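The structure appears below as structure tokens.
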Amino acid sequence: MPGTTGLESRHTAGADHVIAPRRVSFDWRETPLHWIPDEPTATHVINVLHLLLPAGERWFVKVFKEALPLVRDPGLLQQVKGFMGQEATHSVQHSYVLDHLAGQGLDTGAYTKHVDFLFEKLLGESPPFGAPVPAREWLRFRLSVVAAIEQFTAVLGDWVLGAEGLDRAGPDAVMLDLLRWHGAEEVEHRAVAFDMYQHCGGDGPARYARRIEGMAVVAPVMLWLWAWGASYLIRHDPQLVGRQRYSLRAHNKAVAKGLLPTWGELGAAIPRYLRRSYHPSQEGSLRRAVEYLATSPAARAAAGAVGRAALRS
């Protein structure tokens, strides 16, 4: 039976905020391969998002679609549907960046096929390798994985909204808008996956134990995928032609310039999440996220297109 905590936990700051997708679009024709000038490591560490999110966010939507029949709270159901719409849009927009990278001579297919395998096969609708896991328990585990991933996307979203180092570096404006639009929506819906898990994840100690299990899986796998992805992008970058490799030294230099989040910012997200009393409404600033969405070129263009269509109807 669905739990009640999802309903209770939404009675927090921002619980009345309506979550809805914004039908944005971006013009990549003028975006250079190294969209942070003279910073290939920072560029490609952030570009790992484009490698992971098309498949990952499609998977979020599939898992939530499976779980929709379990939702008994109308308010949560509305938020979940808004979340699904936003995540589907994120997936599409990041896939367009992969097309743009391919057009610049950086083919990512050899990496993304492994990401596809992870989400479609290892974390698919049925347990992999015929593992004897009951269907309801397998769904609950995958919901816990989505909630754990969303902990990190909320932290990254809040970071990019306030990343003054990126502004100082003179990045490509279109890419920065994509990242901040996406980051703002991650902050906007930061609590939905957690509330969905709490609502559908059963009751008692098993629900909390599974939440820990989800983070125990997600944290090391994300670190591994990110390091592998950054290494892949730098190694196959046609403008570097083997002259550079991913290194922690170069990564930490980018952190020091404010081009990447600190290890402490990322690592501290884990113990916060593991507190029994934790709720993601504590992450980031909804006000800052909404303020950015009101000024984002892509989000404003999307809102204008919706308004014009309404006037014509």
Side-chain angles (χ1 to χ4, degrees), residues 21-58 85-113 115-116 153 156-157 159-161 163-186 226 229-230 232-244 246 254 257-260 289 292-309:
R22 298 167 179 85
R23 304 305 182 188
V24 298
S25 62
F26 300 89
D27 184 349
W28 299 112
R29 287 174 294 181
E30 302 300 323
T31 298
L33 183 58
H34 297 165
W35 55 268
I36 307 176
D38 303 315
E39 295 287 351
T41 294
T43 292
H44 287 315
V45 168
I46 296 176
N47 278 348
V48 175
L49 285 167
H50 312 309
L51 300 178
L52 301 178
L53 293 179
E57 294 190 304
R58 282 196 307 271
Q86 288 189 343
E87 296 290 39
T89 304
H90 298 168
S91 175
V92 169
Q93 295 304 324
H94 285 280
S95 70
Y96 290 153
V97 180
L98 294 184
D99 295 339
H100 178 63
L101 293 178
Q104 294 178 310
L106 180 47
D107 184 10
T108 59
Y111 179 93
T112 56
K113 69 179 182 181
V115 180
D116 292 340
T153 59
L156 290 171
W159 172 80
V160 78
L161 287 171
E164 295 178 359
L166 279 179
D167 293 309
R168 290 192 296 269
D172 176 74
V174 177
M175 185 66 80
L176 188 61
D177 186 35
L178 167 74
L179 295 171
R180 286 183 168 162
W181 155 75
H182 186 170
E185 290 198 343
E186 291 298 330
W226 222 289
Y232 177 93
L233 290 169
I234 292 173
R235 190 167 64 251
H236 291 86
D237 185 325
Q239 295 183 16
L240 299 178
V241 289
R243 291 183 287 106
Q244 187 170 332
Y246 172 76
K257 295 177 182 179
L259 302 175
L260 297 172
Y292 183 77
L293 290 167
T295 60
S296 159
R300 291 184 65 183
V306 170
R308 289 190 295 273

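Being a predicted model, the structure only gives us computed values, none of them experimental.
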Residues in salt bridge (Lys or Arg N to Asp or Glu O under 4.0 Å) with R29, at least two apart?
D27

Under the salt bridge (Lys or Arg N to Asp or Glu O under 4.0 Å) test, residues paired with E87 that sit two or more places apart:
none

Restricting to side-chain contact (heavy atoms from CB on, under 4.5 Å), what partner residues turn up for [X], sequence neighbours left out?
| X | result |
| --- | --- |
| V160 | L166, L179, R180 |
| T108 | L51, L98, L101, T112, L233 |
| A55 | R58, V115, D116, F119 |
| R168 | E164 |

[X]: side-chain hydrogen bond (donor to acceptor under 3.5 Å, both in side chains) partners, not counting sequence neighbours:
| X | result |
| --- | --- |
| T153 | E150, E186 |
| Q239 | none |
| S296 | D177 |

Name all pairs fulfilling the salt bridge (Lys or Arg N to Asp or Glu O under 4.0 Å) condition that reach into residues 36-51, sequence neighbours left out, sorted by first residue then second.
E39-K257

Listed partners of H44 passing ring-ring contact (aromatic ring centres under 6.0 Å, His included), at least two apart
H34

The ring-ring contact (aromatic ring centres under 6.0 Å, His included) partners of W181 (sequence neighbours excluded) come to F26, H90

Is there a side-chain contact between D172 and P32 in this structure, where contact means two heavy atoms from C-beta onward sitting under 4.5 Å apart?
yes

Spatial distance of atom CZ (R22) from atom NE2 (H182) [nearest 0.5 Å]:
12.0 Å

